[in-house]
Protein chains: 2
Amino acid sequence: MLRPAGRRGLAEEAADRIRDAIFGGDFPPGSALREVDLAAQLDVSRGSVREGLAILEREGLVQSEWHRGTKVIDLTARDAEEVYSVRAALEGLAGRAAIGRVDLTALTRLVDTMAGGLADGVPSENLLALDIEFHDTIYQATANRRLIEAWYAVRSQVYLFQLTRIRLGHNEYRAVVVDEHRQMVKLLERGEAHAVTRFAEEHVHSALRALTEQLSP
Amino acid sequence: MLRPAGRRGLAEEAADRIRDAIFGGDFPPGSALREVDLAAQLDVSRGSVREGLAILEREGLVQSEWHRGTKVIDLTARDAEEVYSVRAALEGLAGRAAIGRVDLTALTRLVDTMAGGLADGVPSENLLALDIEFHDTIYQATANRRLIEAWYAVRSQVYLFQLTRIRLGHNEYRAVVVDEHRQMVKLLERGEAHAVTRFAEEHVHSALRALTEQLSP
DNA sequence: GGACGTCCTAATGTCAACATTCAGACATGT
DNA sequence: ACATGTCTGAATGTTGACATTAGGACGTCC
């Protein structure tokens with residue numbers, strides 16, 4: 001009943017800090033991440049920072065070039081399209097595979113918390129955290145390690161894109177989050193694979209549409 | 001017209017050598033990859049080997065645990081199911097996105113080479129290399145970097161699984177490769193997204209079935 | 001003024017020494 | 001015999017020094 005206890009190294013720690021800093025806006029898209037600076041700020045060796053940056057590159061949050069350093073990714077409309085088209089395929093598969101395995105009460109609780117927060121005027125960033133946790137729960141339920149890996153490879157990028165969606169698009173996000181996720185729970189409960197797949201994909205595509213409207217003009 | 005010239009570091013080099021060794025059977029599934037040994041054999045520092053192993057972990061070929069070293073992945077039926085279900089979703093998306101962009105003559109040439117090799121009694125390993133190149137071509141044509149990344153995250157595992165399919169299953173692979181890929185080209189030419197998606201997914205699932213028949217009994 | 005070659009600097013790439021952790025062998029006590 | 005505690009060796013984790021590279025600043029030549 002006990003999950004294996006995991007120790008962590010400085011690289012994971014560094015990756016966490018840098019990721020949070022990127023989400024927090026300390027390193028805007030396109031900015032350079034210098035290993036020496038990061039090492040000094042985090043008080044770890046450059047080697048550990050390097051390894052941490054490799055983790056973030058795996059998540060697609062940053063990009064490294066030979067002897068040219070690593071930069072935070074850009075957030076162009078094309079990038080959004082790439083990320084969300086892959087995400088749609090993954091969410092479709094995940095939804096299908098999660099039928100009969102997800103803890104529906106846990107999902108409902110998450111949606112209820114979102115609804116409550118929405119009514120109480122909680123900042124959209126917090127709703128987004130619940131949003132992601134909702135999808136994490138589904139992926140975990142599939143117990144498909146490769147699928148979960150593939151999700152992690154876009155998750156941070158999704159997070160970053162959704163943050164800009166929130167920050168640029170006023171209340172558009174708040175207007176749809178709760179309903180869309182509650183609908184997803186309902187379909188998962190009904191258990192029709194085809195319907196779940198289609199809705200999950202549509203859920204992602206609608207997010208993309210909302211985003212591109214704010215990126216291009 | 002010129003692609004940017006890419007320099008490479010020792011880490012990529014090390015990753016290539018180790019990957020080839022795994023494919024070649026020098027490190028069977030489950031075996032340990034000791035950094036000191038590898039560093040000595042490759043005549044590079046442990047740091048570079050470490051970074052190379054991180055690359056292979058990104059490809060899903062090996063798995064590392066904190067202070068417990070890295071091992072080559074296992075090839076259980078469950079692992080095959082995980083890899084191929086994700087691959088099916090990706091191939092479906094890739095096929096759809098490649099319509100109208102992929103170089104159909106290049107694909108045809110690949111299939112023809114396969115057919116010729118099949119008739120000439122070329123080893124199945126070579127056919128497999130062409131098989132993978134066929135799919136690489138499709139993914140590249142999509143110009144979707146995230147999709148290509150996701151493909152790279154399963155590609156080496158697919159390679160390894162297909163190698164065991166070849167080595168255990170005598171001529172089952174040779175009997176279907178050419179026809180399936182020629183059919184794929186035909187559908188890509190016709191350009192109906194739904195048909196391409198469905199066939200690409202089925203193509204992967206049939207490979208999974210052939211594989212599980214040889215892994216479980 | 002523009003094309004070219006030469007430095008110089010600031011960053012990354014590589015390495016070898018040191019620190020830490022794990023897993024098993026062994027001993028001890030009950 | 002079993003459980004527990006201790007030790008040890010072999011591996012990984014971490015670090016700081018050194019090597020290499022990219023790209024700009026500068027000067028020269030035409």
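Throughout, a chain's letter reflects where its sequence line sits, starting with A, and its residues are numbered from 1.
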*Nucleotide by nucleotide, 5' to 3', does protein get under 4.0 Å of the base (B), only the sugar-phosphate (S), or neither (-) in nucleotides 7-16 of chain D, counting heavy atoms?*
----SBBBB-
*asked:* Taking the basic N atoms (NZ, or NE/NH1/NH2) and the acidic carboxylate oxygens, is any pair closer than 4.0 Å for A/Arg58 and A/Glu149?
replied: yes
*Is any NZ, NE, NH1 or NH2 atom of the basic residue among A/Glu202 and A/Arg209 found under 4.0 Å from an Asp or Glu carboxylate oxygen of the other?*
yes
*asked:* With a strict under 4.0 Å distance from non-hydrogen atoms of chain B, what nucleotide opens and what nucleotide closes the contacted stretch of DNA chain C, reading 5' to 3'?
replied: C/dT14 to C/dA23
*Is the closest basic N to carboxylate O distance between B/Arg17 and B/Glu13 below 4.0 Å?*
yes
*Flag the pair B/Arg8 and B/Glu12 as a salt bridge only when some basic side-chain nitrogen lies within less than 4.0 angstrom of an acidic carboxylate oxygen.*
no
_What I want to find out is whether B/Arg109 reaches B/Asp112 closely enough, with some N-O distance under 4.0 Å, to be called a salt bridge._
no
Donor-acceptor contacts under 3.5 Å from residues 68-76 of chain B side chains, at least two apart:
{"unit_1": "B/Thr76", "atom_1": "OG1", "unit_2": "B/Arg78", "atom_2": "N", "d": "3.4"}
{"unit_1": "B/Thr76", "atom_1": "OG1", "unit_2": "B/Asp79", "atom_2": "N", "d": "3.1"}
{"unit_1": "B/Thr76", "atom_1": "OG1", "unit_2": "B/Asp79", "atom_2": "OD2", "d": "2.6"}

_For A/Arg145, is the CZ atom crowded, meaning more than 12 foreign heavy atoms sit under 6.0 Å from it?_
yes
